Amino acid sequence: MSIVVKQNKKTITSIKKQKNKELITMITAYDALFAKLFDSQVDIILVGDSLHMSFNGDSDTISASLEEMIYHTKAVCSGAKNALVVFDMPFGTYLDKKSALKNAVKVYKQTKASAVKIEGGENKAHIVKNLTNNGIAVMGHIGLLPQSVRAEGGYKIKGRNKKEIKQLLKDAKAIEKAGAFAIVVEGVISDVAKEIANSLTIPVIGIGAGSEVDGQVLVWSDAFGFFEEFTPKFVKKYMNGAELIKESLSNYIDDVKQKKFPSEEHTYN
Ligand code: KIV
């Protein structure tokens with residue numbers, strides 16, 4: 001196993017240049033501790049509103065607030081020195097051009113995030129355009145939109161029929177035209193995701209969108225097996241974090257009960 005250590009600071013420009021040259025890696029983080037662990041290897045760290053599912057125990061991402069996301073992004077930025085940090089705009093913070101700009105400016109002023117991420121396609125292109133016109137870098141997010149899960153009545157894979165495929169391509173084009181530097185494509189049939197990636201000049205980062213795109217993103221607690229509620233088909237568990245924690249905790253408890261901890265080694269005399 002090789003550990004890839006990246007030395008260079010990632011920028012919007014360097015990420016865009018990776019298209020068709022080097023696959024992009026992206027993972028979520030919500031605090032400085034894990035941002036620091038991920039920083040030297042990944043290209044992008046996303047402070048996702050998945051925070052509210054993985055760490056707040058909610059059933060969806062809707063409840064995340066701008067202030068909470070800013071708090072977590074500040075922490076991530078203090079741990080991430082090389083990776084590009086992207087701030088996930090929470091539900092309700094980009095309903096119209098004016099409020100989106102006001103909230104994104106607040107994010108830029110209060111954190112060191114390099115970009116914000118917005119869920120939505122053609123219907124959100126005017127908002128993306130207004131942000132990019134005002135000096136804010138935007139990552140789009142199309143396909144399955146976690147913030148629309150209540151309105152859509154569940155997590156629905158997209159691109160299964162001609163109408164959906166046509167709309168996805170329109171969405172991708174509109175977000176690119178609006179000035180986004182990259183797009184997350186989530187929960188989309190792999191051939192359609194491939195077609196989207198091939199039709200754009202900006203990188204397409206997939207999650208549940210197959211391998212024929214420009215990069216991949218995973219939520220860290222899914223990738224490392226800490227989130228036990230459910231495992232979507234697209235998640236590969238690179239370790240069983242929950243089991244390791246439970247086993248280690250059990251060892252600690254046994255040691256305390258049996259007075260094996262603290263031993264001489266961990267005691268001031
Ligand atoms: O909130 C999040 O972590 C995300 C990823 C699933 C892309 O938006």
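Sequential numbering from 1 along the given sequence is applied to the chain's residues. Given the structure is predicted, the values throughout are model-derived calculations rather than measurements. Computed from heavy atoms alone, side chains included, the values below leave out hydrogens, waters and symmetry copies. Just follow the structure's listing: the first ligand is 1, and inside any ligand the first atom is 1.
Classification of the Tyr155-Phe230 ring pair by plane angle, with boundaries at 30° and 60°, yields tilted. Between Tyr252 and Phe261, the two ring planes are perpendicular [angle over 60°; tilted spans 30° to 60°].
Heavy-atom proximity to Gly48, at under 4.0 Å, picks out these atoms of ligand 1: 1 (O), 2 (C), 3 (O). Near Ile207, with a cut-off below 4.0 Å to any heavy atom, the atoms of ligand 1 are 6 (C). Taking every heavy atom of Val219 and a limit of under 4.0 angstrom, the matching atoms of ligand 1 come to 3 (O). For ligand 1, the atoms closer than 4.0 angstrom to any heavy atom of Thr28 are 3 (O). Annotation for ligand 1: atoms under 4.0 Å from non-hydrogen atoms of His141 are 8 (O).
Among all non-hydrogen protein atoms, the one lying nearest atom 4 (C) of ligand 1 is Leu46 CD2, 3.6 Å. The protein heavy atom nearest to atom 2 (C) of ligand 1 is Ser50 OG, 3.3 Å.
Heavy atoms of Met26 come nearer than 4.0 angstrom to ligand 1 in no pair at all. Under a 4.0 angstrom heavy-atom cut-off, Lys117 registers as being in contact with ligand 1.
Atom CZ of Phe38 and atom CE of Met26 lie 13.0 Å apart (nearest 0.5 Å). The CE atom of Met89 sits 6.5 Å away from the CG atom of Leu131 when rounded to the nearest 0.5 Å.
No N or O atom of Glu119 sits closer than 3.5 Å to an N or O atom of ligand 1. Backbone and side-chain nitrogen or oxygen atoms of Asp88 are examined, and one is located within less than 3.5 angstrom of a nitrogen or oxygen of ligand 1.
Contact annotation: for Asp49 versus ligand 1, heavy atoms closer than 4.0 Å belong to both the backbone and the side chain.
Remark: the Gln18 side chain and the Lys10 side chain contain an N/O donor-acceptor pair separated by less than 3.5 Å. A side-chain N or O of Asp58 and one of Ser63 form a donor-acceptor pair less than 3.5 Å apart.
Few gaps surround NZ on Lys237; more than 12 heavy atoms of other groups in view lie less than 6.0 Å from it.
A side-chain donor-acceptor contact under 3.5 Å links Asp39 to the backbone of Lys81.
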